[in-house]
2 protein chains.
Amino acid sequence: MDAIRGDIRSSDFPLTGEFLAGRLREHLDQDDLNYIEGLIETVEEHGDGTRLLERGDVTNKSTMLIEGYVFRTIESGDRRYIVGVQVPGDFVDLHGFALKRLDHSIVAAGPVKIGSVSHESLRTVMQDRPNIARAMWFATLLDASIHRKWIQILEQLDAPKRIAHLYAELHTRLELIGRTVPRALRTPFTQLDLADMCGVSAIHANRAVGKLRELGVAEIRRGDLYTDDWDRLKRYARFNADYLYGDGALKLDEGWN
Amino acid sequence: MDAIRGDIRSSDFPLTGEFLAGRLREHLDQDDLNYIEGLIETVEEHGDGTRLLERGDVTNKSTMLIEGYVFRTIESGDRRYIVGVQVPGDFVDLHGFALKRLDHSIVAAGPVKIGSVSHESLRTVMQDRPNIARAMWFATLLDASIHRKWIQILEQLDAPKRIAHLYAELHTRLELIGRTVPRALRTPFTQLDLADMCGVSAIHANRAVGKLRELGVAEIRRGDLYTDDWDRLKRYARFNADYLYGDGALKLDEGWN
DNA sequence: GAGGTCTATTGACGCATGTTAGCTTTCTGT
DNA sequence: ACAGAAAGCTAACATGCGTCAATAGACCTC
């Protein structure tokens, strides 16, 4: 009975477009970006814990995250497993456009602002805007690359390094959309959230946070991470940003049409 | 210096087409399937351990697995982490078509037969054959769904259940392309392979295999699994096949064009 | 500002898993 | 048939992590 955790406040204020389309920006021209902005039919704000999409749902629209973080979760037994995190500018359920049902749920981590695009509009995009269609496929391939890295992390690292790697990844992803502050990374994650992302118990996540503090790698308080030395943290987590394709990874020079 | 493990024998015998395109089959008509068959320019056989594609490679062709198994691997330090397995009919590097470099390597697990399609041909497909383009996007989305399940498995299950889940998944995937035998599942996997897929040490993989035997869930000998009761094995592994989208998961009724 | 709830923290104990070492079985090539 | 190599197996001990129990701090509501 945690449904009340969510707090829904619809709104329809205009988009600035400033952060719209996130990672897709770098692969699209202004005309394409305006086109995408025009696709967004509704914008909503939701509170922490709101269940935005449910595993098994059949949808007729796709969701873009504009502000905040969301978790991709799979519930099994009475536990929750977080299998992914999205940052502003990410489409969270493009796969719901091509696949019938969703294989996992989408839950707000902290307050979020989301935009919706109807699948009808997306079908038009696929037909008329090959550049945008290509960028959307790219976005889902990037998610898959991140999934593979998470698999490797779970196979390779212990709990403290997993947590450090998570923050290193988020820091780089936020950097790519111009959203970092110098010596910190602010998130609404609880230690239980960290535990569910790293596949350990909440108590062990607490131990891991303590170890990062003890080692002087980072201080994590109520989800916010503080560090004087991102390079050291990234070295500690064996972080290598290649899998995020930050250098313009699309084969732009070889358009499909 | 394990390079000698691979044994390369080129060949150009004709395709039967019988198992071609695997999971894509169910979403395409005969005309589309013939078209795909025509795309395959070369067919090769390779021996166990052959490194088919290297992390960081920039490719100008994509590879379809026709016979055998391949691993998606990431090497780090002196260890290997297996982040995915493909079965016959799977494209193994469609992402290399849209992304510049590969984020992981592809290695033959046992002898394999592979076909190659040039990216030039794929660009034509994207332009002229929306049905096939859609099916290919679907294939990469299905891979992402499987990745998410692996993340959950690593977060949730202990080593014996991970191994059972792996075989349950492969059994279902092979069933979907009509390639199962009644009470067994034959693979060329060593216990070290199982360990690298499950994120445990080889010795612990051995313990886990022993436990499955002891419990009467399954007998695994040199990669081949034998069981009298697949349902029991799947219950033990908490396996639920939804994430494999075996029921015709594409939104066929809503074509893009 | 008092009470309640969620979150963070600590300690004790047990199980899962890693590491090292050595041994046995099976495969492979000659 | 033989020898070497690869794979599988077993035991002993160390560490990571889970569980339970209890407490402390932070935030919210009234």
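Residue order along DNA chain D, read from the 5' end via each residue's closest nucleotide, puts A:A159 first among A:A159 and A:R222. Nearest-nucleotide positions on DNA chain D for B:F189 and A:A205 put B:F189 closer to the 5' end.
Rounding to whole angstrom units, NZ of residue B:K211 and C1' of C:dT17 are separated by 12 Å. Between the CG atom of B:D158 and the P atom of C:dG18 there is a distance of 12 Å, rounded to whole Å. Protein atom CD1 of B:I203 is 17 Å distant from nucleotide atom P of D:dT15, rounded to whole Å. Rounded to an integer number of Å, the gap from A:K161 NZ to C:dG18 C1' is 14 Å. Between the P atom of C:dA8 and the NE2 atom of A:H204 lies a distance of 16 Å, rounded to the nearest Å. Atom CD in B:Q191 sits about 13 Å away from atom C1' in C:dT24, given to the nearest Å. Atom C1' of nucleotide D:dG25 and atom CZ of A:R221 are separated by 13 Å, given to the nearest angstrom. With rounding to whole Å, A:E214 atom CD is found 14 Å from C:dT10 atom C1'.
Taking the six-membered ring for Trp and the full ring otherwise, A:H165 and A:H171 have centroids separated by 6.0 Å or more. B:F239 has its ring centre no less than 6.0 Å from the ring centre of B:Y167.
Taking all atoms of both residues into account, the shortest heavy-atom contact from B:L174 to B:P88 is CD2-CD, 4.4 Å.
When heavy atoms are screened at a 4.0 angstrom cut-off, B:A202 is found touching no nucleic acid atom at all. A:G223 comes within 4.0 angstrom of no nucleic acid atom, judged by non-hydrogen atoms across all strands.
The base of D:dG8 does not come close enough to the side chain of B:R207 for any donor and acceptor atom to sit less than 3.5 Å apart.
OP1 or OP2 of D:dG8 has not a single side-chain nitrogen or oxygen of B:N206 nearer than 4.0 Å. The side chain of B:R213 contributes no N or O atom lying less than 4.0 Å from OP1 or OP2 of D:dG8.
Remark: A:R183 CZ is loosely packed, at most 12 non-hydrogen atoms of other residues, nucleotides or ligands lying under 6.0 Å away.
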Inset, instruction - Kindly indicate, with the supporting measurements, whether the criterion ring pair (Phe, Tyr, Trp, His ring centres under 6.0 Å) is fulfilled by B:F71 and B:Y81. - result: CA-CA 10 Å; B:F71 293 137; B:Y81 303 92; over 10 Å; no
